[in-house]
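The block underneath contains the structure these notes are about, expressed in structure tokens.
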Amino acid sequence: MNSNFKTIIAAMTAEEKVALLTGSGLWRTASLPQHGISDIVMTDGTYGVRYSSAQIDGEEKWSMDDFISVITQTADRASAEEPTAKGGSEALFSASLPATCFPNGSSLACSWDVELVRQMGQALGRECQQMGVNILLGPGINIRRTPLAGRGYEYYSEDPVVSGDLAAALINGLQEEGVGASLKHFAANNSEYRRTEMDSIIEERALREIYLAGFQRAIAKSQPWTVMSSYNRLNGVQTSQDPFLLTQVLRDEWGYDGLVMSDWYGIKDRPASLLAGNDLAMPETRRDKQTLLAAIVSGDVPMEVVDRACLRMLTLLDKVQRHRRPQTRADFAAHHALSQRLAAESIVLLKNEGNLLPLDARKTPRIAVIGKPAQEPVIQGSGCATTVPYLLDRPLDEIFDLAGDDFTVSWAVGSPDDAHSDGQALAQAREVAQAADVAVVFVSTAVGEDGENGDRQDLCILPTHERLIREVAAVQPNVVVVLANSDAVVMPWLGECRALLETFFAGQGMGRAVAEILFGKRNPCGKLTVTMPNSLEETPAWLHYPGENQRHYYGEGLFVGYRYYDKRQITPQFPFGFGLSYTRFAYANIALSASRIGAEETLNVAFDLTNCGEREGKEIAQLYVTAPAGELIREVRALKAFTKVTLAAGETRRVNLSLPIADLACYHPGLADWVVTPGRWQIFVGASSRDLPLSASLEVDCPPRYVPLRADNSLQQLIQQPEAFARVVALIAAKSGLPEPQVREKLIRLAPDMVFGLLTSLTEFLALDIERDELNAALTGRQ
């Protein structure tokens, strides 16, 4: 492509510029051969490449029916279309080509493994290159504010540090392979309930510290080629046409210089969206083209705005063309092995009473495997991200394979119909379980309850599956539950099992990963990236969800996930960051690189981590901070860093974590700026948000910053700002003729009793002749 972009833009007509800034069909951009501009292809998804041949390659015009059939595809249909469990490269009746179905976001993030997630990004990039896909529409990193959210399975965490770091790793891996990412959905798209209508009402501090922070962190660490705006409104403005979001924050404050595109049909007003910074409208719609062209002709959209967006578009197209690798052939077998490894690293062992796991042929040689998901695994969510798996590991097959001659394995479906219990099948399950030494019961949430434009109704697993657990537990004391679910669930059945493996939606390699963990071939190391509640009613967003009158108030503010549980002193079912292992780890000897540090410096936190058990294991060490008391409300603790460490049995390693002091800043709405609070901070290190054995103190040395005072502030507030107090003392001394020390002493003495505003206190109670303008000048320091 001609690199002289400005020359190309100057030669284009207004109609051609509009075409360039609008999709062509569903998944392509415009081709303008008269200007040497070729189109590019983009497609979903966040954990697998969903390539629809009919929509992308078909010579005929795509149909809306075909589009709807793809985005409403359910996980069970995608998996069932795979002809064989292992082997086979085509899906017989699928609207999409088979590809590697990696662990979904809710599962993947539990690995806390930045390097492994980068490798997943590389694998996705190679599959994209083979299929001719130039932009992959992911990752999605919206905060998992409520476990009811329909697309929570695609997103990483309730915490922006985890979300941002893992997203950056995936983006870097993907873009290293020459395929652009589209970081989405920007922003505050935290539920699917009436998603194109709802207005997310969020106070600015919570918006910036929680809901935008993950995007900011990911962009700083990876520079994604594109960012995708979301469907919802934010504080009254459609996000796809919000200049605060797309220009002030994204470009002016964060310095992002890539392209912003809309979510599909996410634009309501095309001229307004372009003016706000939404460069590319996807997909092609005649209305968007017409309204934009009319606005350009009328002058409502200045040509310089159009040309700036065209420049971003040409820059992206050039980047894509330079990174095309048409000869790439993805190694799907290697990618399947990677999906197995990712699943194994992400699965969380939540309970292991009496060390029932790993299974031991000397103690539990007879294994009963029960539950339909053992044969038909629930590996992914539904909707536009649904991927047809290239290969599929079925847990039952993998358990038989690894059991070998050391174990005897029996099988019962238990609940063949998700909607209705089957008495005969339950009787068979009880019989099989009673004859065994241990029962491994596979259960799930309802397939299809998650997805687009609708949220979950509750946090329960399938009632038929809960009954199956209870029926089996009545005859077998050694029950292992293997759980597949989009997001957090409640567990009234937890007491019926001795061991629990949480897989979330762990992709096509889940079956092998589960089997290897059950038999101890792998040591579980995943940890939760959301809090598991005791009930739906205790979740932070419960009172405000899903809102009314098309407005969704984020009334919990900063207190999302573990921040809420810590502040309310509620003990959850399982805390954020929690996960067990087949070994034990000990933390000791924390040391800080400095006891006093400035706001521009970086702290190093070192500690000893020991594997106290008898087998190799991996520990995810987490660093949290507690701020000193100040005028702004703060979390009890906030995650700021983490690392994953592999240790041999008995090994001790000195672990180091870096903490830029700038990361301690909170957003001060009164100052409209990020502020580091000076004073004594507490540093905590440990295994989860509720298991932090190490702590140390740090003095952060930086000048305090104050909100400008007004004439109606109190005398006590004035005294807390020394420089402003000194100016007011000088003003009063000049007016009264009293020496400044005497004025200062008198004001300090009277302050507790002066309950009115400053101007009233000084003029009415102290009888001073001071005008409002004089007082305001002294308060602000502006004469």
Side-chain angles (χ1 to χ4, degrees), residues 5-6 8-10 12-24 29-30 32 37 182-189 196-202 204 207-208 211-212 215-216 219 224-317 672:
F5 301 147
K6 291 186 178 179
I8 295 174
I9 293 170
M12 295 174 71
T13 65
E15 290 84 354
E16 289 170 335
K17 292 176 182 179
V18 169
L20 180 64
L21 299 177
T22 310
S24 177
T29 60
L32 300 170
I37 299 172
S182 191
L183 184 64
K184 64 183 187 182
H185 305 90
F186 193 63
N189 187 177
T196 62
E197 309 167 59
M198 295 301 286
D199 188 358
S200 299
I201 307 298
I202 313 176
E204 188 175 7
L207 175 65
R208 287 179 176 272
Y211 298 100
L212 300 184
F215 287 94
Q216 183 178 12
I219 288 169
W225 292 2
T226 72
V227 168
M228 183 189 294
S229 58
S230 55
Y231 285 119
N232 55 292
R233 293 177 175 84
L234 174 61
N235 293 328
V237 183
Q238 199 74 40
T239 58
S240 60
Q241 57 200 57
D242 188 349
F244 164 77
L245 199 59
L246 303 183
T247 296
Q248 179 185 325
V249 172
L250 182 63
R251 298 197 184 280
D252 297 344
E253 295 181 19
W254 296 356
Y256 179 68
D257 61 0
L259 179 124
V260 175
M261 71 170 75
S262 71
D263 205 341
W264 266 232
Y265 301 105
I267 285 178
K268 303 296 190 295
D269 183 329
R270 181 56 179 134
S273 73
L274 189 65
L275 287 168
N278 204 129
D279 306 302
L280 175 63
M282 290 298 295
E284 178 181 13
T285 68
R286 183 177 57 196
R287 181 186 63 255
D288 282 348
K289 285 184 170 181
Q290 290 173 341
T291 57
L292 180 56
L293 182 58
I296 293 171
V297 171
S298 69
D300 291 338
V301 175
M303 191 58 73
E304 64 184 37
V305 172
V306 178
D307 290 351
R308 184 172 59 216
C310 287
L311 181 61
R312 291 177 187 142
M313 190 67 195
L314 291 179
T315 301
L316 174 66
L317 294 174

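Residues D279 and A309 approach most closely at OD1-CB, 3.5 Å, considering heavy atoms. Across M261 and N278, no two heavy atoms sit closer than the pair C-ND2, 3.4 Å. For the pair R270 and A281, the tightest heavy-atom approach, listed with the atom from each and the gap, is NE-CB, 3.5 Å. The shortest non-hydrogen separation linking T22 to P283 is CG2-O, 4.4 Å. The nearest pair of heavy atoms linking H185 to F215 is O-CZ, 3.4 Å. Taking every heavy atom of both residues into account, T247 and A276 meet most closely at OG1-O, 2.6 Å.
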Pair N235-D242, side chain to side chain contact (heavy atoms under 4.5 Å, CB included): steps then yes or no: CA-CA 10 Å; N235 293 328; D242 188 349; over 6 Å; no

Side chain to side chain contact (heavy atoms under 4.5 Å, CB included) between V249 and W254, worked out: CA-CA 6 Å; V249 172; W254 296 356; 3.5 Å; yes

T29 vs I37, side chain to side chain contact (heavy atoms under 4.5 Å, CB included): CA-CA, chis, key distance, verdict: CA-CA 10 Å; T29 60; I37 299 172; over 6 Å; no

Let's go through T196 and K268 carefully: what are the C-alpha distance in whole Å and the side-chain angles of both, what is the deciding distance for side chain to side chain contact (heavy atoms under 4.5 Å, CB included) to 0.1 Å, and is it a yes or a no? CA-CA 10 Å; T196 62; K268 303 296 190 295; 4.2 Å; yes

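Atoms CD and CG, from Q216 and L250 in turn, are 10.0 Å apart once rounded to the nearest 0.5 Å. For the atom pair OG1 of T291 and CD1 of I296, the computed distance is 9.5 Å after rounding to the nearest 0.5 Å. To the nearest 0.5 angstrom, L20 atom CG is 8.0 Å from I9 atom CD1. S200 contributes atom OG, which lies 9.5 Å from atom CG of L207 (distance to the nearest 0.5 angstrom). Atoms CG and CE, from L259 and M228 in turn, are 11.0 Å apart once rounded to the nearest 0.5 Å. Rounding to the nearest 0.5 Å places NZ of K6 at 12.0 Å from CG of L314.
Under a 4.0 Å N-O distance rule, the pair K17/D307 qualifies as a salt bridge. Taking the charged nitrogens against the carboxylate oxygens, E284 and K289 do have a contact shorter than 4.0 Å, which makes a salt bridge.
Between the side chain of R233 and the main chain of M198, no donor-acceptor pair closer than 3.5 Å is present. A donor-acceptor pair is defined here as one N or O able to donate and one able to accept, closer than 3.5 Å; no such pair exists between the side chain of Q241 and the backbone of A272. The backbone N or O of G266 sits less than 3.5 Å from a side-chain atom of S240, completing a donor-acceptor pair. Between the side chain of T239 and the main chain of L234, no donor-acceptor pair closer than 3.5 Å is present. At least one donor-acceptor pair under 3.5 Å links the side chain of R251 to the backbone N or O of G258. With hydrogens and angles disregarded, no donor-acceptor distance shorter than 3.5 Å links the side chain of Y265 to the backbone of Y231.
Between L280 and M313, some side-chain heavy-atom pair lies under the 4.5 Å cut-off. Side-chain contact between L32 and I8: absent, with no pair of heavy atoms (C-beta onward) separated by less than 4.5 Å. With contacts defined as side-chain heavy-atom distances shorter than 4.5 Å, the pair I219/P224 qualifies. Using a 4.5 Å cut-off on side-chain heavy atoms (C-beta onward), Y211 and I202 make contact.
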